[in-house]
Undergrad: 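Structure incoming, see below.
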Amino acid sequence: NAGVTQTPKFRVLKTGQSMTLLCAQDMNHEYMYWYRQDPGMGLRLIHYSVGEGTTAKGEVPDGYNVSRLKKQNFLLGLESAAPSQTSVYFCASSQLASGSETQYFGPGTRLLVL
Amino acid sequence: GDSVTQMEGPVTLSEEAFLTINCTYTATGYPSLFWYVQYPGEGLQLLLKATKADDKGSNKGFEATYRKETTSFHLEKGSVQVSDSAVYFCALNRLSGGYNKLIFGAGTRLAVHP
């Protein structure tokens, strides 16, 4: 049982380049999330999905797009990377939408935009 | 809006010392409260949670009590080990617009030395 996995682990981009981060979960969870983690700011929600084929904006969605074509996968895209998008990106998933539900996190992707 | 405030780190302790990491929150209603831990190079893992006032969450020797009157959820451990060195995140969770909205504090880094 791998839980939540993310690829790649680390990536360096030049300004203006594009890339896609992949998140996969094998727990059959309905809900998936993308966060970014910046020093001194905790984690902030970029986009989320409440089920296959759905996506919605979170707290800091600008400059990112997402897709959830399959229930187990949640992709985060950067169309034109900017230095401000240098961060550590975490994917998470949960089964239910209840206030007490635990989210399960992947190991993260470290992105450096030059 | 909802927010979480944690004590700033880093916190440096000797092995077997007592640990307290302060966490206070601002929220309407009764959100669930969580502590997540991030070990070096890994994603976040749930450490403990509490879903209503006066609940005590506990795991791996760590404890935290949901105090509605002081809007606090302080993390404590009686005797820390070197293996507890990590970043600790306090978070509140509420159901918002059909998904779990997790709001994180900035994180507190703990370093335990022998």
Side-chain angles (χ1 to χ4, degrees), chain A residues 2-7 9-10 21 23-25 27 29-51 54-61 66 68 74 88-110, chain B residues 1-10 21 23-25 27-53 55 57 59 66 73 86-109:
Chain A
V4 180
T5 58
Q6 294 182 232
T7 52
K9 287 185 170 56
F10 176 69
L21 284 67
C23 174
Q25 52 95 3
M27 297 174 284
H29 284 173
E30 291 292 334
Y31 300 82
M32 296 187 75
Y33 312 83
W34 274 108
Y35 293 89
R36 60 178 289 171
Q37 182 184 29
D38 300 297
M41 300 185 72
L43 278 73
R44 293 179 292 168
L45 183 66
I46 304 171
H47 286 282
Y48 65 97
S49 168
V50 301
T54 74
T55 63
K57 294 180 180 180
E59 183 185 357
V60 288
V66 288
R68 182 110 181 261
F74 195 29
V88 181
Y89 292 87
F90 288 100
C91 177
S93 70
S94 66
Q95 176 56 22
L96 301 174
S98 73
S100 62
E101 185 70 4
T102 298
Q103 292 186 21
Y104 296 86
F105 286 80
T109 295
R110 186 175 297 274
Chain B
D2 297 346
S3 65
V4 175
T5 302
Q6 292 180 234
M7 62 186 291
E8 288 190 21
I21 300 178
C23 171
T24 58
Y25 68 91
T28 56
Y30 302 93
S32 295
L33 300 175
F34 296 73
W35 278 100
Y36 281 85
V37 59
Q38 183 180 27
Y39 298 105
E42 299 183 12
L44 279 71
Q45 305 174 20
L46 177 68
L47 181 59
L48 54 84
K49 68 179 181 182
T51 60
K52 61 183 186 295
D55 265 2
N59 185 26
Y66 190 158
F73 193 54
V87 181
Y88 293 81
F89 291 93
C90 184
L92 68 83
N93 190 16
R94 68 162 75 250
L95 188 59
S96 174
Y99 75 101
N100 294 307
K101 186 174 183 179
L102 255 183
I103 296 170
F104 287 89
T108 302
R109 183 175 300 276

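Reminder, nothing fancy here: chain letters follow the sequence lines and each chain counts from 1. All values derive from a computational prediction rather than experimental measurement.
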Undergrad: Would you mind checking which part of Tyr104(A) comes under 4.5 Å of any heavy atom in chain B, side chain (CB onward), backbone (N, CA, C, O), both or neither?
TA: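 Neither; nothing under 4.5 Å.
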Undergrad: Quick one, Gln37(A) and Phe89(B) - any side-chain contact, counting heavy atoms below 4.5 Å?
TA: yes
Undergrad: To the nearest 0.5 Å, what is the distance between CD on Glu101(A) and NZ on Lys49(B)?
TA: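 One gets 6.5 Å once the value is rounded to the nearest 0.5 Å.
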Undergrad: Considering only heavy atoms, which portion of Leu46(B) lies under 4.5 Å from any heavy atom of chain A: side chain, backbone, both, or neither?
TA: side chain
Undergrad: Does any heavy atom of chain A fall under 4.5 Å from the side chain of Gln38(B), the backbone, both, or neither of them?
TA: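 The side chain, not the backbone.
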Undergrad: Contact part of Tyr30(B) toward chain A, heavy-atom cut-off under 4.5 Å: side chain, backbone, both or neither?
TA: neither
Undergrad: Check whether any side-chain heavy atom of Leu43(A) lies under 4.5 Å from a side-chain heavy atom of Leu102(B), and answer yes or no.
TA: no
Undergrad: Atom CD of residue position Gln45(B) - does it have more than 12 heavy atoms of other residues, nucleotides or ligands inside 6.0 Å?
TA: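 More than 12 heavy atoms, drawn from other residues, nucleotides or ligands, come within 6.0 Å of this atom.
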Undergrad: Heavy atoms, side chains only, cut-off 4.5 Å: are Thr102(A) and Tyr36(B) in contact?
TA: yes
Undergrad: Do other residues, nucleotides or ligands put more than 12 heavy atoms under 6.0 Å from the CZ atom of Arg44(A)?
TA: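 Atom CZ in Arg44(A) is crowded, with more than 12 foreign heavy atoms closer than 6.0 Å.
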